[in-house]
Amino acid sequence: MPKTFNAKTMEKFQALSQRYPTKDALLLPVLRLAEEEFNGIDDDAMELVAGLVGVPPAKVMSVFTFYTHYRRAGSGKYLLQVCSTLPCALRGSQEIFEHLKKKLGIDSEETTKDGKFTLKKVECLGSCGTSPVVQINEDYYENLTTEKLDEILNKLQ
Amino acid sequence: MDKVTLYINGTAVQAQKGATVLEAALSAGIDIPRLCFHSALPPQSSCRLCVVEVKGARGLIASCSLPAAQDMAVTTNSEKLFKYRKYILELILSNHPMDCMTCEKSGECELQEYAYKFGIKQTPIRGEVTNYPIEATDPLMMIEHSKCILCGRCVSVCRDLWATEAIDFSKRGFSSKISFPFDKPRLESDCVFCGNCITFCPTGAITERSALGKGRSWEVKKIPSVCPFCGCGCNIEINTKAGKIVKITSNENTPVNKGLLCVKGKFGYDFVHHPDRIGKPSACSTDPSADSASFVQQPCGENGHPCYPSTSLHENLIKSSERLSRPMVKKGGKFHEVSWDEAMNVVSGRLLEMKQKYGAEALGVLCSAKCTNEENDLMQKLARTLLGTNNVDHCARLCHSSTVAGMVQSFGGAAMTNSIEEIEKASCLFVIGSNPTENHPIIGAIIARTAMKGAKLIVADPRAIHLTKFASAWLRHKCGTDVALINGLLNVIVKEGLQNNEFINARTENYEDFRNSIEKYTPEYVSGITGVPKEEIIKAARIYASSKNAMIFFAMGITQHTTGTDNVLSVCNLALLTGNVGKEAAGVCPLRGQNNVQGACDVGALPDFYPGYQKVNDPNARGKFGKAWGIPLDNKIGYTLTEMVNFAAQDKIKALYIMGENPMMSDPDLLHADEAFKKLEFMVVQDIFMTETAQLADVVLPATTFAEKEGTVTNTERRVQLMRRAIQPWGDSKPDWQIICMLGKKLSSVLRRNEPAFGNVYFDYDSPAEIMDEIASLSPVYGGISYDRLGKIGLQWPCPDKNHPGTKFLHKDRFSRGQGRFNVVEFRPPAESADNEYPFTLTTGRVLYHLHGGSMTRRSTGLDFILHEGYVEVNPEDAERLGFQHGQHVNVTSRRGTIKIKANVTDKVPPGTVFIPFHFAECAANILTNNALDPVSKIPEYKVCAVRIEV
Ligand code: SF4
Ligand code: SF4
Ligand code: SF4
Ligand code: FES
Ligand code: FES
């Protein structure tokens, strides 16, 4: 089903489109608007954004899948973003990722059956000094070990 | 200073300022390894193979994006660079199947080439490999992601050259891949199947699925030729193996298209082959009764190898309408195969019988915009000499006769004033009544990308077309109000003093009368007629008039009206008023539809002109041609195509000889045309298929396709180019020129018995080159053209003598008629307007995937797969009101007939207007269209008629 923005989001969109000099620049914040309004972005939302901003759908998809910080629609209650870039990798992020994969029974970009967790391998989260890092929704969890992670997950309901 | 000097490997090299080090090196003949660079594209800088050492700089630098600077010292070759580059290749190969043994690209793959040069047998690097499945969701193209090196060339060509942006990278880092939006099949994306990404891909990642397993680079012969479809006249290479066409390619050195092609040129060739000659066993054979949907399947061969597309679909398609291979004569309502000799006896005997019984004016000949210059020349010569009539015409009557009438009056010549390569130099492009993206794809792509790079684009079209996305102003006027709209622009320009007085004084005439006539066309008044807001009219007028170089493009949306000639005159007025003609990158460009519609006109396939636009009623011209052809000629202007059809209905035309045209699809008001053809006493059709028209004929003569013969064609920018024979004629078919020669000799041998002068008429040509020499000797604009001069890039006429290099743009310093003439043009409404009974305005046109009556394109597997069925575009508001859904079938009725057709509900058309492409016989738009004619040029009004829609 084709999606549309509600009046309030549309207003925000109008304001944004005044502020950004190029379509490509405008694309990023408008994706954020879509994410907010639809609680995550799906293909229809990307089509909508493409139409509004005036860029081809291929471009929207390219940008959306390049950045790791947009939320795909249908993500679990908790989005676990595991950094996999070099500094984190050197400090054991691969082990952390494998651990989560096993524990939750899902691969990157998949969601547990109960809809609780979504796992996602991402690039550098900008906190290399405290690697390895996992971002859970808006919060960073740093200097992780698998044990610490288990504790944290247990607390998430 | 616009040059810099740098030192490459110690040698001083001059480079253009702004050139990169790689470009400087290449132009000095120094090779630098590179994979993602392509000279036609902006630098991708993704592969890092082109790195060089620069004195004083830290690290190695990619030369493809490094601007050359004065005194820069560059090393392109060293031990260090070799090692580095080899390591990069090893890295790439660590995630690449070593599949050269079965890869389609083998022998032409750039990666394979470098692996060979660097001596890499096996990569020492072991790591993860990407594992995306092969995408083969249509019969034309496939993507093998495992062979993709993520160079970005495909993305760039799709965006920067083809202005389509159908593909892009998705994801990032190691998981990156090229994708259609949301990983849907190609058919559901914006992809237009041009296949240019194949051409630009350095590896075997994107290939022609249609050519899978049919032959690799060293097995195929590449024969340079010209695309048989539209008037762009793209240069192609016909790749053949064992007498069959394997695929069509192009290369970047071609003058017209620089290696780019559209879907028709790239994939539409397979109509040439009879089903028995085509094909390849199917690795995953589909049910022979299956429809095209069976192509939408995931690869299913072993080890993920893609399956071959089944050939059974193709067989099904062609079953009812095979290539004609033998002459046929109708007896008792049924066709019987006969020998060529017998066929010639029947044709010549019956034609002469008709001539004797009813007089020469009862005979008519239709030439063809799909046949070569030589063939059209011979055909009109045969009509004018042996048959003794000027009743010669062809389908240009139905597309650009009003252009000829109008532009001759304004400028003195009716051809596109400029060249395709000038488009990118223009600062303003005004497209009116033309959808070049679909009808002249190469030109459409160039216009779009020129607008992307900053030129101003004005589009005047009732429909939303691809170009409207790039437009600075979109004038959405009502169908048939072009004169009013342009007069409005002219009015604003004069009122605001934006006209070019210097040009008007020096180069034009009749300005005062003209200026008075446009006074009443104020933006307010014009807005009332056209429905375009007056601000938009003013804006567009200012953009056009204040641009340094403005080019106007028009096509059928201007010409196919009862005011066609007036429309053209208005367009010319606009160019004259602003001095936008007679110079580079500024002018008036009628886009010609068929591959040789320009040439057919040039060589006299018209009732009023001999070759080279010399009038049949001019005694000098008549004397000259009569002398050259050996027989006195008739001075009466012949009938036009539209008149011939009408006169057939009235028993005034008794016999028609039709070469390579299908008027039973392309004429307006088909039910009327059908009646007319059935009244003829004798009808010959010379074609490649049993077309709708051929079925009505008494004799059908099998001709060859473009790939099986030699000859020249002239594209829309007046470029005469050579088509070369790539394969042997199918069955007993013969090139049209040979058929005409046979008939010519036969006719003259009979005629000379009573009238010895007929023995002088020469039809003994032994090659198309010889025919061209005769054309050159008689028509000054082709004067300097001969086969030995055409070479790889052809020649643009006027080319008066053997040393003339051809002409890029027309009317420099002087118009062909002397002064440019302003014409007074008043607005007249179309012949038929929507009313209570027929409340919708119908407009018709072409789509990208088909051409004309579809004789060729609908017999191409791929084109038919992409678009199989006709449709009517209806605005959502109207659909809702009438209560039908997208995809539902509706009845569309005009005063002339009814068709049943699928509804395509889309806001491309405004409320109250509907659009139907005219390629589909089973829902033929031309059953509905109006045969009201433009009084001057006799072109029918295909673009406006009134219809109603019923569920
Ligand atoms: S076929 Fe043409 S339109 Fe489609 S992706 Fe390739 S370049 Fe783009
Ligand atoms: S498909 Fe070909 S052109 Fe496109 S990125 Fe991959 S290797 Fe380059
Ligand atoms: S643009 Fe025209 S000439 Fe070029 S490939 Fe397409 S159909 Fe052929
Ligand atoms: S590498 Fe993980 S946060 Fe930077
Ligand atoms: S050619 Fe320069 S980076 Fe690829």
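Letters go in sequence order (proteins before strands), and every chain restarts at 1.
A 6.0 Å sphere centred on CD of B/Glu880 holds no more than 12 heavy atoms belonging to other residues, nucleotides or ligands. The environment of OH in A/Tyr67 is sparse: at most 12 heavy-atom neighbours from other residues, nucleotides or ligands sit within 6.0 Å. For CD of B/Gln885, the number of neighbouring non-hydrogen atoms (other residues, nucleotides, ligands) closer than 6.0 Å is 12 at most. The 12-atom threshold is not exceeded at OH of B/Tyr87, counting heavy atoms of other residues, nucleotides or ligands nearer than 6.0 Å. Residue A/Glu110 places its CD atom among more than 12 non-hydrogen atoms of other residues, nucleotides or ligands, all under 6.0 Å distant. Other residues, nucleotides and ligands contribute only 12 or fewer heavy atoms inside 6.0 Å of the NZ atom of A/Lys113. For B/Lys456, the NZ atom sits in a loose shell: 12 or fewer heavy atoms of surrounding residues, nucleotides or ligands are nearer than 6.0 Å.
Neither the backbone nor the side chain of B/Ser176 comes within less than 4.5 Å of any heavy atom in chain A.
If you take OG on B/Ser189 and CE on A/Met61, they are separated by 10.0 Å, rounding to the nearest 0.5 Å. Distance check, rounded to the nearest 0.5 Å: CD1 of B/Ile167 to OG of A/Ser62 gives 11.0 Å. Taking CD of A/Glu123 as the start and CZ of B/Arg172 as the end, the distance is 4.5 Å to the nearest 0.5 Å. Separation of atoms CZ (B/Phe174) and NZ (A/Lys121) is listed at 10.0 Å; rounding is to 0.5 Å.
In terms of modelled atom types and a separation under 3.5 Å, the side chain of A/Thr65 and the main chain of B/Ser170 share no donor-acceptor contact.
A pairwise comparison of heavy atoms in B/Asp190 and A/Pro57 identifies OD2-CD, 3.6 Å as the closest pair.
The choice from B/Pro181, B/Ser175, B/Cys158 that makes the most heavy-atom pairs within less than 4.5 Å of chain A is B/Pro181.
The side-chain heavy atoms of A/Met46 and B/Phe182, taken from C-beta on, include a pair separated by under 4.5 Å.
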